[in-house]
Amino acid sequence: MNNSSPKILNKKFIISVITSSAFITGLTLAVIWLYLSNIDRLDIFHDTASVKSITGIILGFAIFSILGFSILLFASSLMLIITFSNYEKDIKKYDGIAHNFATVGILNSLSSCLLLMISFSIHYFLDWSGYLTVALFFLTSTAFSFWITNKKILKSEKYRSQDSSEEESILKKTPTKIIMPFLLLTPAIVQILPLSFLLKQLEFSEGSNDFVQLSLITMLSLMFSMLSMLPGVIYINEKKNGEMLRSITLILISIPTTLVVLSLLVRPIPNMIINMTMNLSGISDWRTHHFYIDNQTHHHTMFNGLLWNTRYYPDLPNRFFITGVSIFTLGDIQLICPTKITNARKESLKLTLDDMNEYDRKIKQLKTVAMECIPFNKNDIHTWDSPISQPIYYEKIKTANDSSMLKMLHSLK
């Protein structure tokens with residue numbers, strides 16, 4: 001009784017802290033601060049920090065963004081847990097089978113990564129048909145899954161010796177021998193989706209060697225495969241001891257920890273989550289819009305036509321129009337940027353795998369472009385995307401035109 005009382009008090013204290021308005025406000029301000037810090041516009045943070053009405057919404061979307069990102073990255077773990085749960089009641093009598101179940105799942109994922117890269121290399125270097133290389137990948141992955149499942153589980157002497165001779169065990173049934181290898185392959189197949197998402201955010205220095213590119217992609221894929229399977233492996237190994245609460249607790253700890261490790265490997269991940277939060281909450285809108293401003297508020301000469309596409313209409317006196325991107329709107333502040341920030345932002349969410357310093361240069365470029373953004377009072381600028389004919393431009397805006405192996409890999413997806 002004496003030991004349980006402190007635990008209950010600690011739980012109540014933690015819950016009271018997490019649900020307090022001060023804690024929610026602090027987390028929300030942290031999200032806003034990180035977003036503005038990424039574009040080096042903390043000069044408007046003080047003006048937005050006083051807005052309290054939307055803090056709960058921002059925090060809610062931050063949690064939703066992390067949850068959605070986690071489901072995408074750890075989809076293979078989820079499939080492994082579902083597969084294990086399907087067989088759990090029938091195989092729990094076998095001592096140590098849960099560990100081998102998790103081992104087969106992670107070996108399938110690692111081998112699928114290698115086989116995927118080998119298939120891609122055959123397609124790229126030997127110019128095989130894309131359909132043929134995809135078929136080769138699925139056939140070899142399936143063959144490996146059947147082999148490793150039989151070796152570690154279905155035909156293991158360790159588990160056969162635990163069977164009673166009077167009844168046919170689940171491991172000896174024909175449907176199990178056919179279906180289990182396929183089900184244990186699903187985590188490996190599912191992981192292709194988040195892996196392809198990460199590969200889209202990668203690029204290489206111009207002129208880098210194809211073999212170097214392939215080697216780096218393979219190493220990153222294997223590390224991602226291991227990390228994405230980690231929560232599922234932890235769950236299975238803890239569940240075998242009958243400690244359901246402990247296994248769930250460890251998963252909740254392992255997911256953010258693994259996200260941190262992945263963020264060290266793929267540095268744009270935190271910015272992706274923060275950008276997703278701001279987009280979903282309506283604070284940022286990275287689409288191009290047209291705005292009009294009254295001459296009494298700002299004069300058109302303050303807006304370089306080559307940056308802002310500054311123009312006016314003879315039939316609409318006393319106001320002029322600009323083209324820009326509203327990257328931050330909160331309270332009375334609306335931060336409008338030139339359209340070139342869109343490309344700078346896209347580049348800042350990519351990682352040059354063979355030159356880690358390139359990411360820092362892209363972030364610096366984003367911050368440089370963001371310094372050209374203008375914080376308006378929301379009442380001083382108005383969105384008007386409806387087309388108006390025959391504009392007169394002060395200066396016509398200039399438009400720009402848009403690692404071989406990675407481009408080829410993207411084209412296959």
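Basis for what follows: all heavy atoms, side chains included, without hydrogens, waters or symmetry-related copies.
The aromatic rings of F64 and F61 sit perpendicular to each other, their planes meeting at more than 60°, with 30° as the lower class boundary. Between Y87 and F101, the ring planes are tilted. Angles from 30° to 60° get that label. In this structure, W147 and F144 have tilted ring planes: the angle between them lies in the 30° to 60° band.
At a threshold of 4.0 Å, the pair R287-D385 does not count as salt-bridged, since none of the basic side-chain nitrogens sits closer than that to a carboxylate oxygen.
Taking the centre of each ring, F321 and Y312 stay at or above the 6.0 Å mark. For F320 and F303, the distance between ring centers is under 6.0 angstrom.
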Salt bridge (Lys or Arg N to Asp or Glu O under 4.0 Å) between D90 and K173, intermediate numbers included: CA-CA 12 Å; D90 296 319; K173 293 181 179 179; over 6 Å; no
Which is it for I234 and I253 under the side-chain contact (heavy atoms from CB on, under 4.5 Å) test, yes or no, and what are the steps along the way? CA-CA 11 Å; I234 290 174; I253 295 173; over 6 Å; no
Would F146 and F182 satisfy ring-ring contact (aromatic ring centres under 6.0 Å, His included), going step by step from the backbone distance to the final call? CA-CA 8 Å; F146 269 85; F182 280 111; 5.2 Å; yes
Apply salt bridge (Lys or Arg N to Asp or Glu O under 4.0 Å) to K340 and E372, showing your working. CA-CA 10 Å; K340 66 178 182 178; E372 298 176 349; 3.2 Å; yes
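Residues I251 and I81 are in side-chain contact: their nearest non-hydrogen atoms beyond the backbone lie under 4.5 Å apart. Contact of the I178 side chain with the T174 side chain is registered, since non-hydrogen atoms from C-beta on lie closer than 4.5 Å.
A donor-acceptor contact closer than 3.5 angstrom is absent between the side chains of H123 and D127. Side-chain N/O atoms of Q191 and S112 include no donor and acceptor closer than 3.5 Å. With 3.5 Å as the limit, one finds a donor-acceptor pair spanning the side chains of S205 and D354. Side chains of S119 and T133: no donor on one and acceptor on the other come within 3.5 Å. For Y94 and N100, the side-chain atoms include no donor-acceptor pair closer than 3.5 Å.
Residue M272 qualifies as enclosed at atom CE: its count of foreign heavy atoms under 6.0 Å is above 12.
Checking T339, I293, N304 one by one against I322, the side chain to side chain contact (heavy atoms under 4.5 Å, CB included) holds for a single residue, I293.
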